[in-house]
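Quick notes on the structure that follows.
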Amino acid sequence: MKLIIAIVGDSDAEAVVQSLIGAGFRVTRLASTGGFLHKGNTTLLVGTEADRIDEAIGRMRNATAEPPAQDRRRGTVFVLDIDRFEQF
């Protein structure tokens with residue numbers, strides 16, 4: 001099991017979430033601000049199997065707009081190993 005932590009701009013967040021949900025991913029959405037993309041960010045938490053990581057990241061990349069400036073990023077993604085997962 002893997003946990004994807006993705007930080008995307010607020011303007012792209014809804015499209016990213018809808019793309020992920022449409023493919024059967026479960027997404028938790030958190031409002032955030034900070035140094036990666038400056039203000040107006042959304043942090044997404046996506047738990048998934050290791051073999052679906054590339055699919056999820058590809059969907060995120062395809063659902064985000066090209067940045068207005070060359071030195072800007074569309075998002076930042078972290079992928080973490082999860083030793084244990086429970087739902088209750």
Side-chain angles (χ1 to χ4, degrees):
M1 184 66 130
K2 301 287 186 176
L3 175 65
I4 301 170
I5 302 172
I7 304 165
V8 299
D10 283 343
S11 60
D12 291 324
E14 187 61 28
V16 172
V17 168
Q18 290 306 314
S19 179
L20 291 168
I21 290 172
F25 292 98
R26 294 183 179 190
V27 181
T28 299
R29 184 177 182 167
L30 307 167
S32 59
T33 58
F36 288 113
L37 299 173
H38 305 291
K39 60 184 179 181
N41 300 326
T42 298
T43 300
L44 305 174
L45 305 177
V46 182
T48 189
E49 298 301 324
D51 62 348
R52 294 195 73 196
I53 292 293
D54 290 337
E55 177 188 359
I57 293 172
R59 287 184 163 277
M60 290 181 213
R61 184 174 281 120
N62 292 335
T64 55
E66 286 292 328
Q70 189 174 13
D71 62 337
R72 296 285 310 233
R73 295 177 192 90
R74 293 187 287 177
T76 300
V77 176
F78 302 92
V79 179
L80 308 171
D81 290 322
I82 302 300
D83 293 329
R84 183 174 172 166
F85 168 74
E86 293 185 30
Q87 289 183 312
F88 53 91

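- For residues 17-26, every residue pair satisfying the side chain to side chain donor-acceptor pair (under 3.5 Å) rule, not counting sequence neighbours, is listed here: E14-Q18, S19-R59.
- Scanning for side-chain hydrogen bond (donor to acceptor under 3.5 Å, both in side chains) contacts around D81 gives K2, with sequence neighbours left out.
- When all heavy atoms are compared, the tightest approach of A23 to R52 is O-NH2, 2.8 Å.
- The two atoms that bring V8 and A13 nearest to each other are CG2-CA, 3.9 Å, heavy atoms only.
- Under the side-chain contact (heavy atoms from CB on, under 4.5 Å) criterion, A56 pairs with I4, L20, F25, M60, not counting sequence neighbours.
- Taking CD1 from I7 and OG1 from T42, the interatomic distance works out to 10.5 Å, rounded to the nearest 0.5 Å.
- I57 pairs by the side-chain contact (heavy atoms from CB on, under 4.5 Å) definition with I53, R61, V77, V79, not counting sequence neighbours.
- With values rounded to the nearest 0.5 angstrom, T64 atom OG1 is found 13.5 Å from R73 atom CZ.
- Under the side-chain hydrogen bond (donor to acceptor under 3.5 Å, both in side chains) criterion, E86 pairs with R84, sequence neighbours left out.
- For the side-chain contact (heavy atoms from CB on, under 4.5 Å) test, residues two or more places apart in sequence or in another chain that qualify with L30 are T28, T43, L45.
- Residues R74 and A65 approach most closely at CD-O, 2.9 Å, considering heavy atoms.
- Partners of E49 according to the side-chain contact (heavy atoms from CB on, under 4.5 Å) rule, which considers only residues two or more places apart in sequence or in another chain, are M1, D51.
- A distance of 4.5 Å separates CG in L3 from CD1 in I82, rounded to the nearest 0.5 Å.
- Checked against side-chain hydrogen bond (donor to acceptor under 3.5 Å, both in side chains), T48 has no partners two or more places apart in sequence or in another chain.
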